Amino acid sequence: MGSRALLLLRGITIRADHGISFSLQRSSFGKDFIGKRRRVRNYSIRSGLEPPDVLRLAETARISLTPDEVEEFAPKIQKVVDWFGQLQAVDLQSIEPAIRADTEGDNLRDDLPETFENGQAMIAAVPSYEEPYIKVPKVLNKE
Amino acid sequence: MLSSAQTPRFLLLHSRFPHKLLHFQTPKSLHTFQTQAQILSPSPPTSQILTIRESLLSRSTTAVELASNYLHHLRRTEPHLNSFLHISDTVLKEAEEIDRKIQNNEEVGPLAGVLVGVKDNICTVDMPSTAGSRALENYRPPFDATAVRKLRECGAIVVGKTNLDEFGMGSTTEGSAYQVTANPWDLSRVPGGSSGGSAAAVSARQCIVSLGSDTGGSVRQPASFCGVVGLKPTYGRVSRYGLVAYASSLDVIGCFGSSVADTGILLNVISGHDRHDATSSKREVPNFTFQSISPDSIESKPLRGLRVGIIRETLQEGVDSEVISSIRDAASHLEELGCSLTEVSLPSFSLGLPAYYILATSESSSNLSRYDGVRYGNQAVADVLNSLYGDSRAKGLGSEVKMRILMGTYALSAGYYDAYYKRAQKVRTLVQKSFKTALDENDILISPAAPSAAYKIGEKKSDPLAMYAGDIMTVNINLAGLPALVLPCGLVQGGSAGLPVGIQMIGAAFDEEKLLKVGHIFEQTLQGCCFVPPLVADGFAC
């Protein structure tokens with residue numbers, strides 16, 4: 001059953017080259033999309049988008065990865081990012097982005113500070129605490 | 001109407017249930033097994049919550065007796081299922097308190113004595129809340145999530161915390177840092193995810209109802225895999241306060257039950273505006289509880305005039321053929337009930353999947369930056385701050401979570417934002433518009449809840465794209481923020497007794513009431529189907 005589900009992806013990634021696409025084949029929107037598939041693969045190169053550099057991303061995200069993890073993650077992340085790339089081929093010029101579900105309008109409360117009742121429990125959860133500070137190792141290296 | 005897979009199951013239950021019932025029936029446990037009898041008979045599912053209420057108020061059972069029976073069953077089944085990460089040690093004490101109130105003729109809430117499982121990414125003040133991650137091992141939040149607080153105020157007893165894919169990131173529950181949950185229909189299969197523990201627990205009758213969360217289908221797909229009812233409310237209907245954030249623009253808390261009525265009652269309790277969540281809606285909450293209809297009212301075409309759109313893109317290549325025929329059968333059943341059925345097309349449907357994953361990973365890379373080992377959770381030993389962050393995160397987070405954070409970090413990198421995140425948001429606009437058009441012309445839309453029934457444990461573990469593909473049926477609904485109800489509609493080949501398939505009913509924003517009504521009538525009139533897994537139907541013999 002797993003391979004069957006994968007067809008859903010193949011429909012737009014691999015099989016699209018043959019002009020067959022899951023779910024989009026009957027719409028002109030889809031045809032337009034499929035027609036551009038060949039170019040999508042090179043989109044990141046043409047547009048100057050670098051492929052993911054896992055070590056650099058890990059440093060940005062502050063996650064120390066082992067060499068084995070870098071080796072394991074790199075092809076998987078590359079594969080998913082390539083798959084993300086299909087959106088580059090869709091004409092979205094005139095479309096406004098939606099930042100949320102938009103089921104309801106803005107509903108923001110006043111930005112006023114208030115006291116959280118169980119503050120002591122929060123403090124108790126801090127792994128390294130010296131009244132009244134949260135303790136961390138030094139922030140700067142000597143060099 | 002019935003597929004060939006369904007009929008033998010029906011007969012099987014007929015023939016083997018009565019003596020199993022006798023075998024386990026003791027005066028002490030009478031109530032529970034009356035309840036089980038209702039579940040196990042081929043008659044439609046009834047509200048367990050209402051049955052319990054009636055039994056407690058008429059003094060035919062006590063909350064302690066009920067809780068003891070469920071705990072006993074939970075402990076026997078749990079070694080096979082691993083649905084729970086933590087089981088409460090105050091269940092009986094809380095039950096005693098309810099019995100005391102009933103004895104004194106004091107008012108008790110609508111969920112008095114109802115055992116609820118809570119997904120472990122929803123905060124509970126007196127229990128661990130790990131979100132399935134080592135990063136939060138032993139973490140005990142200083143507050144209850146609003147949904148949990150409301151449950152408790154209505155008399156519900158939180159029986160324990162259910163297993164999940166770490167931070168809700170997964171579709172199988174294999175991504176938990178602690179244990180793999182099995183599907184009660186076939187222990188070699190996944191229960192779905194990420195709310196797999198909550199779905200398996202209700203399916204195996206380890207608790208009466210449960211809470212899950214749904215960012216891209218995490219309530220609906222496991223409901224389908226485990227043969228239970230799962231409801232994803234409209235974004236904003238239920239407060240997210242106390243829900244461990246994964247992708248805040250998509251996350252919602254949802255409900256599981258063994259009947260549509262029970263999920264409606266549960267939704268009623270947890271809905272409404274909350275000052276702690278600015279995205280929770282101020283709209284009035286309608287009454288989601290309703291009068292039960294009699295199963296024989298099918299003749300009266302109770303859904304006459306209801307316009308149902310079946311989504312063409314969800315019944316094409318790549319979807320299991322048995323799933324397609326189950327959904328087509330379910331659509332015919334809706335027609336028999338008086339609905340008018342048309343096929344609708346959502347042209348942006350397949351674009352929703354990559355758009356969803358861009359948005360969800362991007363938001364997660366931001367949301368999960370809080371797990372740095374400084375304020376709570378596990379802290380690594382390090383001599384400089386950056387190593388403390390990096391090592392705490394490396395030790396605390398699992399592979400899938402790390403990869404999603406890295407993908408999101410990539411998509412949000414300077415200069416890439418327009419190419420990924422913004423484009424995904426534009427696709428979200430397309431998805432919202434196409435649903436709006438389809439729901440202007442139809443009262444509800446229907447589709448499968450997943451492209452297949454439950455698959456084997458380990459089958460998709462090493463290939464993230466294969467697992468992501470399974471979310472195609474559900475992610476678009478999160479992008480649009482719409483409510484959707486999944487309920488079992490058929491069985492396909494697999495396991496010893498078949499595997500359940502769920503139909504997804506999608507409604508307009510804040511129109512859960514219609515979904516619940518249609519779902520209830522559908523469920524009450526579906527002939528010959530009984531969605532009780534072998535684990536339970538075999539008389540707890542495990």
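Note that the coordinates shown come from a computational prediction; the quantities given were computed from them, not determined experimentally. Within every chain, numbering begins at 1; the chains are lettered A, B, ... in the order of the sequence lines, protein sequences first and strands thereafter.
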Practice prompt. Specify which of A:Ile134, A:Val136, A:Val80 makes the most heavy-atom pairs with chain B at under 4.5 Å.
Written response: A:Val80

Worksheet item: Quick one: does B:Tyr468's side chain get under 4.5 Å of A:Trp83's, heavy atoms only?
Response: yes

Worksheet, complete the sentence: Here the gap from A:Ser64 atom OG to B:Lys402 atom NZ, rounded to the nearest 0.5 Å, amounts to 8.5 Å

Item to complete: Using heavy atoms and a sub-4.5 Å threshold, report which of residues 365-376 of chain B line up against chain A, by residue number.
Response: B:Gly373, B:Val374, B:Arg375, B:Tyr376

Worksheet item: Can you say whether B:Ala355 sits under 4.5 Å from chain A via the side chain, the backbone, both, or neither, judging by heavy atoms?
Response: both

Discussion item. Quick check for you: to the nearest 0.5 Å, what is the distance between B:Leu406 atom CG and A:Arg56 atom CZ?
Written reply: 11.0 Å

Discussion item. Please list all pairs meeting salt bridge (charged side-chain N to carboxylate O under 4.0 Å, His left out) that have one or both residues in residues 346-363 of chain B, counting only residues at least two apart or in different chains.
Written reply: none

Worksheet item: Can you tell me if A:Arg62 uses its side chain to pair, donor with acceptor, with the backbone of B:Tyr389 under 3.5 Å?
Response: no

Item to complete: With sequence neighbours excluded, tell me which residues meet ring-ring contact (aromatic ring centres under 6.0 Å, His included) with A:Tyr129.
Response: none

Worksheet item: Under 3.5 Å, side chain of B:Tyr416 to main-chain N/O of A:Glu50, donor-acceptor pair present?
Response: yes

Discussion item. Could you work out, with ring-ring contact (aromatic ring centres under 6.0 Å, His included) as the rule, every residue matching B:Phe143, not counting sequence neighbours?
Written reply: B:Tyr241

Worksheet entry | A:Glu114 with B:Arg275: basic N within carboxylate O range, under 4.0 Å | yes

Fill in: Residue, of B:Val427, B:Asp383, B:Leu397, that accumulates the most heavy atom pairs under 4.5 Å with chain A
B:Asp383

Practice prompt. Please round to the nearest 0.5 Å and tell me the distance separating atom CD1 of B:Ile405 and atom CD1 of A:Ile63.
Written response: 4.0 Å

Response to the item:
Taken to the nearest 0.5 Å, the spacing of B:Met407 CE from A:Lys76 NZ works out to 9.0 Å

Worksheet, complete the sentence: B:Pro354 and A:Gln86 have their tightest heavy-atom pair at CG-CD, 3.6 Å

Worksheet, complete the sentence: Looking only at B:Lys395, B:Gln379, B:Met403, the option with the highest number of non-hydrogen pairs under 4.5 Å against chain A is B:Met403

Worksheet item: Does B:Arg140 use its side chain to pair, donor to acceptor, with the backbone of A:Ala121 at less than 3.5 Å?
Response: no

Fill in: Gap separating the CG atom of A:Leu92 from the CG atom of B:Leu430, nearest 0.5 angstrom
6.0 Å

Discussion item. Using heavy-atom distances under 4.5 Å, tell me whether A:Gln120 contacts chain B through its side chain, its backbone, both, or neither.
Written reply: neither

Worksheet item: Out of curiosity, A:Leu57 CG to B:Leu412 CG, how far, rounded to the nearest 0.5 Å?
Response: 11.0 Å

Worksheet item: Contact part of B:Ser399 toward chain A, heavy-atom cut-off under 4.5 Å: side chain, backbone, both or neither?
Response: both

Fill in: Top of B:Val431, B:Leu359, B:Asn386, B:Asp391 for chain A proximity - count of heavy-atom pairs under 4.5 angstrom
B:Asn386

